[in-house]
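Contents: one structure, followed by commentary.
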Amino acid sequence: MKVIGLTGGIGSGKSTIAQFLAELGAVIINADEVGHEVSQSGTDVWREVVAAFGSQVITHDKVIDREKLATIIFNDAEARVKLNRIMHPPIYRMVRAQIDRYRRQGIKVVVLEAPLLLEVGWTSLVDEVWVTTTDETKVLERLRKRSGLSESAARARIRSQLPSKERIKHTDVAIDNDGNLAELKIKVEELWENLQV
Ligand code: ATP
C-alpha cells in the first residue's frame with residue numbers, strides 16, 4: 001500500500017485534488033474531519049478545548065464553534081500552539097489507526113489530506129509528500145468565492161502556515177494549481193498513472 005500525504009496552504013486546492021484522487025480509486029483520510037471526530041461533544045478532547053478557551057468557543061448545542069475557534073487561533077500564535085497540543089496527538093493516533101486498518105484491508109492507495117502535515121511532522125505516516133501550490137492572489141479570490149472569507153481573515157490564515165517556498169523543500173511532488181480545474185485534473189491523472197504502488 002502507498003500512503004500519500006497531501007498538503008498545501010489554505011485554499012490551495014487540497015480537497016479538490018483529493019476528490020480527483022478518490023475518483024481514480026484512492027481512499028482519502030481528511031485530517032480536519034478526524035479532528036472533528038475526536039473533538040465531538042462530551043469527549044476528553046472537547047473538555048480540554050473548553051477548559052482552555054472557555055465557553056465562548058461552544059455553541060448553544062454544546063458543539064465546538066469551529067469558526068470562532070479558527071478566528072481566535074489564526075490571530076494568536078500562543079492560542080494556536082495551545083489548541084494544537086490538545087488536538088494533534090489524538091488526531092495522529094486516529095489517523096495512524098485508520099492507515100493500519102486500510103493496510104489490513106488491502107487498500108492500494110491512501111491519501112492523507114492534512115493542511116499541517118509538514119508543520120506538525122507527520123511525514124513518518126506517509127510514503128510520499130505531495131504539495132499543492134497556488135499563487136496568493138488566486139487563493140484569495142477562490143476563498144472569497146467559496147466561503148466569503150474576508151481578505152484580512154484569509155491573509156491571517158495564510159500567514160499562520162508555512163510559506164509555500166518552505167513546503168516545497170520537503171516535498172516529493174509539487175502540484176502547481178494556478179491553472180483551471182480541467183488543467184488540474186489532467187495533472188492529477190498523470191501523477192496517478194505514474195504512481196508506483
Ligand atoms: P482549505 O485549506 O480551506 O481546506 P483546500 O486547500 O482544500 O482549502 P479547495 O477547497 O480544494 O482548497 O479549493 C479552494 C477553492 O478553490 C474551492 O472552492 C475550489 O473549488 C476552488 N479551486 C481549487 N482549484 C481550483 C482551480 N484550479 N480553478 C478554480 N477554482 C479552483
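Only heavy atoms go into these numbers, but all of them, side chains included; no hydrogens, no water, no symmetry mates. Whatever order the structure lists them in is the order used to number ligands and atoms, beginning at 1.
For ligand 1, none of its N or O atoms has an N or O atom of Leu143 under 3.5 Å away. The N/O atoms of Gly13, backbone and side chain alike, include one that comes under 3.5 Å of an N/O atom in ligand 1. When only interatomic distances are considered, the shortest N/O to N/O separation between Asp32 and ligand 1 does not fall below 3.5 Å.
Annotation for ligand 1: atoms under 4.0 Å from non-hydrogen atoms of Gly179 are 26 (C), 27 (N), 28 (N). Interface atoms of ligand 1 facing Thr16, defined by a heavy-atom separation under 4.0 Å, are 9 (P), 11 (O), 13 (O), 19 (C), 23 (C). For ligand 1, the atoms lying closer than 4.0 Å to a non-hydrogen atom of Gly11 are 1 (P), 2 (O), 3 (O), 5 (P), 6 (O), 8 (O), 12 (O), 14 (C).
At a heavy-atom cutoff of 4.0 Å, ligand 1 is contacted by the backbone of Asn180 but not by its side chain.
The single protein non-hydrogen atom nearest to atom 30 (N) of ligand 1 is Arg142 NE, 3.5 Å, given as residue, atom name and distance. Given atom 24 (N) of ligand 1, the protein heavy atom at minimum distance is Asn177 ND2, 3.0 Å. The protein non-hydrogen atom at the shortest distance from atom 5 (P) of ligand 1 is Lys14 N, 3.5 Å.
Salt-bridge formation is not detected for the pair Glu119/Arg80: no Lys NZ or Arg NE/NH1/NH2 atom is positioned less than 4.0 Å from an Asp or Glu carboxylate oxygen. Salt-bridge formation is not detected for the pair Glu37/Arg93: no Lys NZ or Arg NE/NH1/NH2 atom is positioned less than 4.0 Å from an Asp or Glu carboxylate oxygen.
Residue contact check for ligand 1: Pro115 places no non-hydrogen atom closer than 4.0 Å to it. Residue contact check for ligand 1: Gly9 places a non-hydrogen atom closer than 4.0 Å to it.
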Salt bridge (Lys or Arg N to Asp or Glu O under 4.0 Å) between Glu151 and Arg155, intermediate numbers included:
CA-CA 6 Å; Glu151 188 169 323; Arg155 282 190 195 279; 2.7 Å; yes

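Counting heavy atoms from C-beta outward, Phe53 and Leu83 have side chains that approach closer than 4.5 Å. In this structure, the side chains of Leu69 and Val49 come closer than 4.5 Å at one or more pairs of heavy atoms. Here the side chains of Asp65 and Ile58 are not in contact, with every heavy-atom distance at 4.5 Å or above.
Judged as a side-chain hydrogen bond (donor to acceptor under 3.5 Å, both in side chains), and not counting sequence neighbours, the contacts of Lys169 are Glu166. Residues passing the side-chain hydrogen bond (donor to acceptor under 3.5 Å, both in side chains) test with Asp135 are Thr137, sequence neighbours excluded.
Between Glu48 and Trp46, the side chains place no donor N or O within less than 3.5 Å of an acceptor N or O (distance only, hydrogens not considered).
Which of Arg146, Gln19, Lys145 comes nearest to atom 4 (O) of ligand 1 through a heavy atom is settled by distance: it is Arg146.
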